[in-house]
Amino acid sequence: MSFTQVAIIGLGLQGGSIGLAIQQYLPEARVTGYDLDPATRARATERGLCHTVSESAEDAVASADLVIFCVPPGAMGAAAAPLRDAIPAHCLVSDVGSSKKAISAALAEALPDHLVIPAHPVAGTENSGPDAGFASLFRNRWCIVTPPEPCDLLKLTSLVHFWEALGANVEIMSAEHHDLVLAVTSHLPHLIAYTIVGTASDLEDVTQGEVIKYSAGGFRDFTRIAASDPTMWRDVFLSNKDAVLTMLQRFTEDLTALQRAIRVGDGEQLFDHFARTRAIRRSIIEEGQDDSRPDFGRSDHDGAARGKTKG
Ligand SMILES: NC(=O)c1ccc[n+]([C@@H]2O[C@H](COP(=O)([O-])OP(=O)(O)OC[C@H]3O[C@@H](n4cnc5c(N)ncnc54)[C@H](O)[C@@H]3O)[C@@H](O)[C@H]2O)c1
Ligand SMILES: O=C(O)C(=O)C[C@]1(C(=O)O)C=C[C@@H](O)C=C1
């Protein structure tokens, strides 16, 4: 079974990219959308992110067979609850939230009469809002699906096929496992970037502006990540608190070990550690997951995707 009427709630980076990707890769499907922000709805209409941008969420979902919530993690429940009666009974509900356990619970509570199969496309940029989306965002990227137990196998298969049609490689796992893995591969790196950029900025008083002025490659990479949307990332950390704190504890211990190696002059430990991490980077590139190459997976990127950072 393939979806013929997809409704997207939230028309920023993720919602806009899904809308454009459906129009490009699933031309037989119709896509409707809604965003709480009237300016975003207007811009979504101008950019053609959906076939129809509705003036109410109820209208957007009225004849949907798939509804995807693409709002910040902390807004999922509030966006879904008023739609309990408006979403057709047979319609599958999903989302794209960056954490899964808390969001799955919020959606299940808001929509107790519907089947909710949460998902997380591990694909994004530091940009947000209706100008940020592009059709090829999901190509060659992972999309992690975290079905409830038990789960309607036909609907699960349809959701997997949907993401594959948009170009993603789909992996299925539990919400708990997702949250642990993403805490270390995505959430912690963002926390580190937010910290180092804040620290460097605070140090500006001491260095009279030189930290920012002379910052080259390494720091610039951190500033890209630290420009990510504050609302979304506040919600990510609050909704994946336990896993992030577990990983942060481990990270702090490892950092302290390196700190000690520097203090006692243990060059061998430093060299061994850096050699190991360099090998990890190289294996990522060999697996074709390096997105530092220009236009990787973004060949039909329409230029608007590097839209301004919101927030
Ligand atoms: N940005 C990324 O790199 C990335 C990657 C994967 C998943 N995600 C997840 O995708 C979701 C959306 O992120 P994004 O980057 O597209 O954010 P975004 O800020 O670009 O878009 C979110 C949109 O949701 C709208 N919104 C907020 N509350 C709403 C409500 N109650 N009803 C309708 N619309 C509402 C906002 O007006 C905004 O336009 C988040 O849950 C995030 O965790 C983000
Ligand atoms: O490429 C980036 O800018 C991202 O931060 C994307 C990224 C990630 O950490 O990999 C961010 C959050 C997500 O939920 C998924 C993807």
Side-chain angles (χ1 to χ4, degrees), residues 7-19 33-44 49 53-58 60-61 67-83 94-100 102-104 106-107 110 118-134 137-138 141-144 163 168 178-179 181-194 221-240 284 289-292 296-298 305-311:
I8 301 169
I9 305 298
L11 296 172
L13 169 70
Q14 292 295 317
S17 296
I18 294 172
Y34 171 77
D35 195 286
L36 196 58
D37 175 24
T40 297
R41 293 201 296 276
R43 185 64 187 134
L49 299 182
V53 175
S54 304
E55 282 304 302
S56 79
E58 285 78 2
V61 302
V67 174
I68 308 178
F69 286 94
C70 301
V71 302
M76 293 282 180
L83 302 179
S94 190
D95 75 300
V96 293
S98 300
S99 66
K100 293 276 53 101
I103 290 175
S104 309
L107 287 175
H120 176 205
V122 189
T125 71
E126 71 279 22
N127 299 318
S128 54
D131 282 306
F134 54 102
L137 176 64
F138 310 108
R141 296 309 187 112
W142 290 107
C143 179
I144 300 174
W163 279 107
H178 166 280
D179 286 357
V181 172
L182 270 291
V184 74
T185 59
S186 175
H187 306 169
L188 206 52
H190 278 78
L191 193 66
I192 294 165
Y194 282 124
D221 289 350
F222 279 120
T223 62
R224 183 188 78 77
I225 298 288
S228 300
D229 190 67
T231 302
M232 167 185 156
W233 283 98
R234 175 202 63 197
D235 290 358
V236 168
F237 290 114
L238 296 181
S239 65
N240 198 21
I284 290 171
Q289 287 191 54
D290 174 26
D291 63 354
S292 63
F296 173 81
R298 295 173 185 175
R306 296 247 174 243
K308 72 177 170 53
T309 301
K310 199 175 88 180

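Each ligand, and each atom within it, is numbered from 1 in the order the structure gives. Predicted, not measured: the structure shown is a model, and the values here were computed from it.
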Side chain proximity check, Asp229 to Glu126, heavy atoms < 4.5 angstrom: no
Sub-3.5 Å N/O-N/O distance, Gly15 and ligand 1: no
Whether Ala123 lies under 4.0 Å from ligand 2, heavy atom: yes
Check: Leu182 main-chain N/O paired with Ser186 side-chain donor or acceptor under 3.5 Å: no
Which of the ligand 1 atoms, numbered from 1, are nearer than 4.0 Å to a heavy atom of Pro121: 6 (C)
Option nearest atom 7 (C) of ligand 1 (shortest heavy-atom distance, choices Asp95, Val96, Leu36, Asp235): Val96
Those atoms of ligand 1 less than 4.0 Å from some heavy atom in Met76: 41 (O)
Distance in Å, Tyr34 OH paired with Ile8 CD1, rounded so as to fall on 0.5 Å steps: 15.0 Å
Within-cut-off N or O pair, Gly129 and ligand 1, under 3.5 Å: yes
For Thr125, atoms of ligand 1 separated by under 4.0 Å from a heavy atom: 1 (N), 3 (O)
Per-atom contacts of ligand 2 with Ser186, taking only distances under 4.0 Å to non-hydrogen atoms: 8 (C), 9 (O), 11 (C), 12 (C)
Student check: side-chain heavy atoms of Gln14 and Phe138 closer than 4.5 Å: yes
Contact check: Asp37 vs ligand 1, nitrogen or oxygen atoms, below 3.5 angstrom: no
Residue-ligand contact Ala132/ligand 1, heavy atom below 4.0 Å: no
Close side-chain approach of Met232 to Ser128, heavy-atom, < 4.5 Å: no
Minimum side-chain heavy-atom gap Pro121-Trp163 below 4.5 Å: yes
Side-chain heavy atoms of Asp131 within contact of Arg43, under 4.5 Å: yes
Heavy-atom closest contact (Leu11 atom, Ala44 atom, distance): CD1-CB, 3.7 Å
Main-chain N/O of Pro118 paired with Lys100 side-chain donor or acceptor, under 3.5 Å: no
Side chain, backbone, both or neither: Pro130 near ligand 1, heavy atoms under 4.0 Å: neither
Heavy atom of His120, distance to ligand 2 below 4.0 Å: yes
Per-atom contacts, ligand 2 versus Trp233 - under 4.0 Å to a heavy atom: 11 (C), 12 (C)
Which of the ligand 2 atoms, numbered from 1, are nearer than 4.0 Å to a heavy atom of Gly124: 1 (O), 2 (C), 3 (O), 6 (C)
Reported SG-to-CD1 distance for the pair Cys70 and Ile9, which is rounded to 0.5 angstrom: 8.5 Å
Shortest heavy-atom approach to atom 27 (C) of ligand 1 - which of Gly10, Pro72, Pro38: Pro72
Atoms in ligand 2 flagged as close to Glu126, the criterion being non-hydrogen separation under 4.0 Å: 3 (O)
Pick from Met232, His190, Arg43, His120: the one approaching atom 44 (C) of ligand 1 most closely through a non-hydrogen atom: Met232
Closest to atom 17 (O) of ligand 1 among Pro230, Ser239, Ser128 (heavy-atom distance): Ser128
Heavy-atom check, side chain of Trp233 versus side chain of His187, under 4.5 Å: yes
Enumerated ligand 1 atoms positioned under 4.0 Å from heavy atoms of Thr40: 39 (O)
Nearest heavy atoms of Leu107 and Met76, plus distance in Å: CD2-O, 3.9 Å
Close-contact set for ligand 1 against Pro73 heavy atoms, below 4.0 Å: 40 (C), 41 (O), 43 (O)
Ser17 to ligand 1, any heavy atom closer than 4.0 Å: no
Contact check, Trp142 vs ligand 2, heavy-atom distance below 4.0 Å: no
Contact atoms of ligand 2, heavy-atom distance to Ser98 under 4.0 Å: 13 (C), 14 (O)
Minimum heavy-atom distance Ala226-Ala193, with the two atoms named: CB-O, 3.8 Å
Atom indices of ligand 2 within 4.0 angstrom of His190 heavy atoms, with elements: 5 (O), 9 (O), 11 (C)
Test item: Ser17 side-chain N/O and Phe134 main-chain N/O as donor-acceptor pair under 3.5 Å: yes
Those atoms of ligand 2 less than 4.0 Å from some heavy atom in Arg224: 1 (O), 2 (C), 3 (O)
Geometric class of the Tyr194/Phe237 ring pair [parallel <30°, tilted 30-60°, perpendicular >60°]: perpendicular
Nearest neighbour of atom 4 (C) of ligand 1 from the list Gln14, Arg41, Arg141, on a heavy-atom basis: Gln14
